[in-house]
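First the structure, in the form of structure tokens, and then the observations on it.
Since the model is a prediction, treat every value here as computed from it, not as a measurement. Every chain is numbered from 1 and lettered A, B, ... according to where its sequence line falls, protein lines coming before strand lines.
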2 protein chains.
Amino acid sequence: MTVISLHDPSHREAFWELEAAFDRGDLVSVFGQCTVSYEGRAASDLGSGDRLLLLKPDGAALVHTDEGRTPVNWQPPGSTHHAAVREGRLRVRSTRTSPDERLTVRFSTVRQFSAMPVTGGRDLDVHGSEEDLRTRIVERPALIEPGFEPTATERPSSAGPMDVFGVDADGTPVVVELKRRRVGPDAVGQLARYVRAVREERGVDPDAADSDAAVRGVLVAPSVTDRAAERLADHGFDHVALDPTADD
Amino acid sequence: MTVISLHDPSHREAFWELEAAFDRGDLVSVFGQCTVSYEGRAASDLGSGDRLLLLKPDGAALVHTDEGRTPVNWQPPGSTHHAAVREGRLRVRSTRTSPDERLTVRFSTVRQFSAMPVTGGRDLDVHGSEEDLRTRIVERPALIEPGFEPTATERPSSAGPMDVFGVDADGTPVVVELKRRRVGPDAVGQLARYVRAVREERGVDPDAADSDAAVRGVLVAPSVTDRAAERLADHGFDHVALDPTADD
DNA sequence: TGTTTTATTTCGACT
DNA sequence: AGTCGAAGTAAAACA
């Protein structure tokens with residue numbers, strides 16, 4: 001129930017505690033000089049150097065250097081960890097199947113070892129996602145424009161499901177496409193395909209771009225590139241500037 | 001020059017060593033019960049629980065639970081770390097600008113603290129990447145087919161740069177598209193755009209799909225989906241099965 | 001189990 | 001600083 005911490009342990013000592021930590025389901029960190037090799041979806045080799053090896057009870061293994069957000073090598077959850085002492089040195093191997101992958105860390109020196117029991121608090125509450133944005137628009141349709149009424153989210157069409165679908169104050173159908181960050185022309189193309197699909201459903205000229213178009217397109221994003229703005233104008237679509245993080 | 005490790009330190013003690021470790025440019029890990037909040041590109045809150053906080057000298061900050069390959073919260077490299085003691089508790093904050101982001105970790109208990117000096121061995125030698133595949137094909141063109149001769153890699157076209165461009169045994173131009181894993185119809189579409197661009201360059205019928213097409217398309221990938229195979233056949237393109245990991 | 005889509009994607013290269 | 005494309009992407013939703 002407590003953290004086990006070893007300073008400059010022997011390889012055999014580290015191995016012993018590693019096995020015990022696996023059994024307890026602890027989160028383990030091992031710091032020291034090591035080489036790393038990976039074989040699986042690709043292959044890689046890392047020469048000798050100081051790294052931090054993190055071993056999780058769910059099977060994940062991470063090798064971190066002093067730089068970067070992403071581990072320099074890793075193994076996904078679902079792998080199984082094995083420790084051994086070979087030629088007097090600690091070797092940790094993490095393997096999984098489908099796809100077959102194997103990560104091997106060979107320590108020449110172990111400087112620090114910790115085994116940490118972890119309890120609770122795994123649930124993260126994220127807001128500012130696209131789903132969150134959709135919810136906010138359904139709850140407060142005026143964010144799009146006064147009089148807008150959403151009738152469906154994820155409504156299917158021949159071009160795929162549309163983020164939000166509804167009608168404006170005049171009763172004209174509106175297709176709303178949501179993006180949580182600055183968008184390029186590709187997003188306009190996606191919106192255009194949805195609008196076109198709905199126009200075809202209704203038997204209207206699919207390529208109309210004026211008030212006779214009978215189906216409107218609205219792109220919701222914090223901002224758009226110049227190119228995207230041009231394409232929006234070409235199609236006669238509107239852009240609503242909405243920051244997904246803002247409270248309203 | 002050595003690892004500093006504290007078992008159940010006081011908040012003030014942890015704060016003190018944290019500041020010193022930042023100054024030395026050490027890799028720091030702090031394990032304990034804490035809450036985490038993030039504001040920036042999105043926003044999130046994480047209730048109290050045991051987590052491992054990793055602070056790197058390049059500004060990266062990672063919060064790990066006992067599950068998953070990706071950190072539950074993080075801050076990218078280039079951020080700056082600040083430690084403080086507020087109301088008797090250790091608080092670590094990592095901030096950056098453009099975009100403005102802030103990660104705050106508030107500890108209620110610190111169970112383990114380590115400051116680790118990291119030296120050398122940061123260069124990873126990965127093989128099996130798309131770039132690696134390209135190199136292999138240039139060195140051994142027969143992997144595509146006997147008589148194939150690559151003339152350029154990343155050759156520009158009106159549809160973007162092509163992975164490999166060359167001529168076959170008959171002197172017919174060949175566009176090669178490389179994918180390191182199983183591909184769907186989208187990859188065939190990409191290849192088709194390149195082939196079409198080259199045909200247009202040469203003043204040939206861009207939509208021809210037979211031996212008169214004058215420009216061939218080859219898709220290199222370990223395997224293709226059924227749908228992709230159909231589209232390859234439609235266009236008259238070839239598929240070469242190549243595992244990016246294989247030695248030859 | 002495999003496929004498709006999203007992501008606080010990250011990361012690198014290039015403009 | 002923005003834009004584009006690849007990644008051992010990871011992870012979730014879905015068939």
Quiz item: What is the distance, rounded to the nearest whole Å, between atom CG of Asp58(B) and atom P of dC11(C)?
Solution: 9 Å
Quiz item: Using a cut-off of 4.0 Å on non-hydrogen atoms, how would the nucleic acid contact of Arg96(A) be classed: base, sugar-phosphate, or nothing?
Solution: nothing
Exercise. Report yes or no: does Arg136(B) contribute a side-chain atom to a donor-acceptor pair with the main-chain N or O of Pro244(B) at less than 3.5 Å?
Key: yes
Self-check item: Nearest-Å distance for atom pair CG/P, residues Asp100(B) and dT8(C)
Solution: 18 Å
Exercise. Would you mind reading off the distance between Glu154(B) atom CD and dC14(C) atom P, rounded to a whole angstrom?
Key: 9 Å
Self-check item: Whole-Å C1' distance, dT5(C) and dT9(C)
Solution: 13 Å
Quiz item: DNA chain D: Ser129(B) or Thr97(B), which has the more 5' nearest nucleotide?
Solution: Thr97(B)
Self-check item: Pair Arg106(B), Thr35(B): side-chain N/O donor-acceptor within cut-off below 3.5 Å
Solution: no
Quiz item: Picking from dA7(D), dT8(C), dA11(D), which would you name as closest to the side chain of Arg69(B)?
Solution: dA11(D)
Quiz item: Choosing from dA7(D), dT10(C), dG8(D), which nucleotide comes nearest the side chain of Glu130(B)?
Solution: dA7(D)
Practice problem: Using the P atom on both, measure dT4(C) against dT8(C) and round to a whole Å. | Solution: 22 Å
Quiz item: Among dT1(C), dA1(D), dT10(C), which is the nearest nucleotide to the side chain of Arg41(B)?
Solution: dT10(C)
Practice problem: For Glu39(B), report the nucleic acid contact type (base, sugar-phosphate, nothing); a contact means any heavy atom under 4.0 Å. | Solution: nothing
Exercise. Starting from the 5' end of DNA chain C, give me the residue, Pro185(B) or Ser98(A), whose nearest nucleotide shows up first.
Key: Ser98(A)
Quiz prompt | Student check: side-chain heavy atoms of Thr80(A) and Thr95(A) closer than 4.5 Å | solution = yes
Quiz item: Taking atom types as modelled and ignoring hydrogens, do the side chains of Arg51(B) and Thr65(B) form a donor-acceptor contact shorter than 3.5 angstrom?
Solution: no
Quiz item: With sugar-phosphate meaning primed atoms plus P, OP1 and OP2, does Pro76(A) contact a base, only sugar-phosphate, or nothing at under 4.0 Å between heavy atoms?
Solution: base
Quiz item: Could you state the CG-P distance from Leu62(A) to dT9(D), rounded to the nearest angstrom?
Solution: 16 Å
Quiz item: What integer distance in Å separates Asn73(A):CG from dA10(D):C1'?
Solution: 16 Å
Self-check item: Closest listed nucleotide, where the reference is the side chain of Thr70(A) and the choices are dA10(D), dT10(C), dA7(D)
Solution: dT10(C)
Quiz item: Which part of the nucleic acid, if any, lies within contact of Ser44(A), taking any heavy atom under 4.0 Å across all strands shown: a base, the sugar-phosphate backbone alone, or nothing?
Solution: nothing
Exercise. Provide, to the nearest angstrom, the distance between the CE atom belonging to Met162(A) and the C1' atom belonging to dT5(C).
Key: 18 Å
Exercise. Report the nucleotide, chosen from dT10(C), dG8(D), dA6(D), that has the shortest atom-to-atom distance to any side-chain atom of Arg180(B).
Key: dG8(D)
Practice problem: Report yes if a side-chain nitrogen or oxygen of Arg181(B) is closer than 4.0 Å to either non-bridging phosphate oxygen (OP1 or OP2) of dT9(D); otherwise report no. | Solution: yes
Quiz item: Which of these nucleotides, dC11(C), dT8(C), dG8(D), is closest to any side-chain atom of Trp74(B)?
Solution: dT8(C)
Quiz item: Within the structure shown, what part of the strands sits under 4.0 Å from Glu131(B) by heavy-atom distance: base, sugar-phosphate, or nothing?
Solution: nothing
Exercise. May I ask you to say what Gln75(B) touches in the nucleic acid, namely base, sugar-phosphate or nothing, with a heavy-atom cut-off under 4.0 Å?
Key: nothing
Practice problem: Could you please name the option among dT9(D), dA7(D), dA6(D) that lies closest to any side-chain atom of Lys179(B)? | Solution: dA6(D)
Exercise. Nearest-nucleotide wise, let me know which of Pro77(A) and Gln190(B) is further upstream toward the 5' end of DNA chain D.
Key: Gln190(B)
Practice problem: Identify whether the distance between the nearest side-chain nitrogen and carboxylate oxygen of Glu130(B) and Arg180(B) falls below 4.0 Å. | Solution: no
Quiz item: dA7(D) C1' sits how many Å from Arg134(B) CZ, rounded?
Solution: 14 Å
Quiz item: Should the heavy atoms of other residues, nucleotides or ligands under 6.0 Å from CD of Glu131(B) be counted, would the total exceed 12?
Solution: no
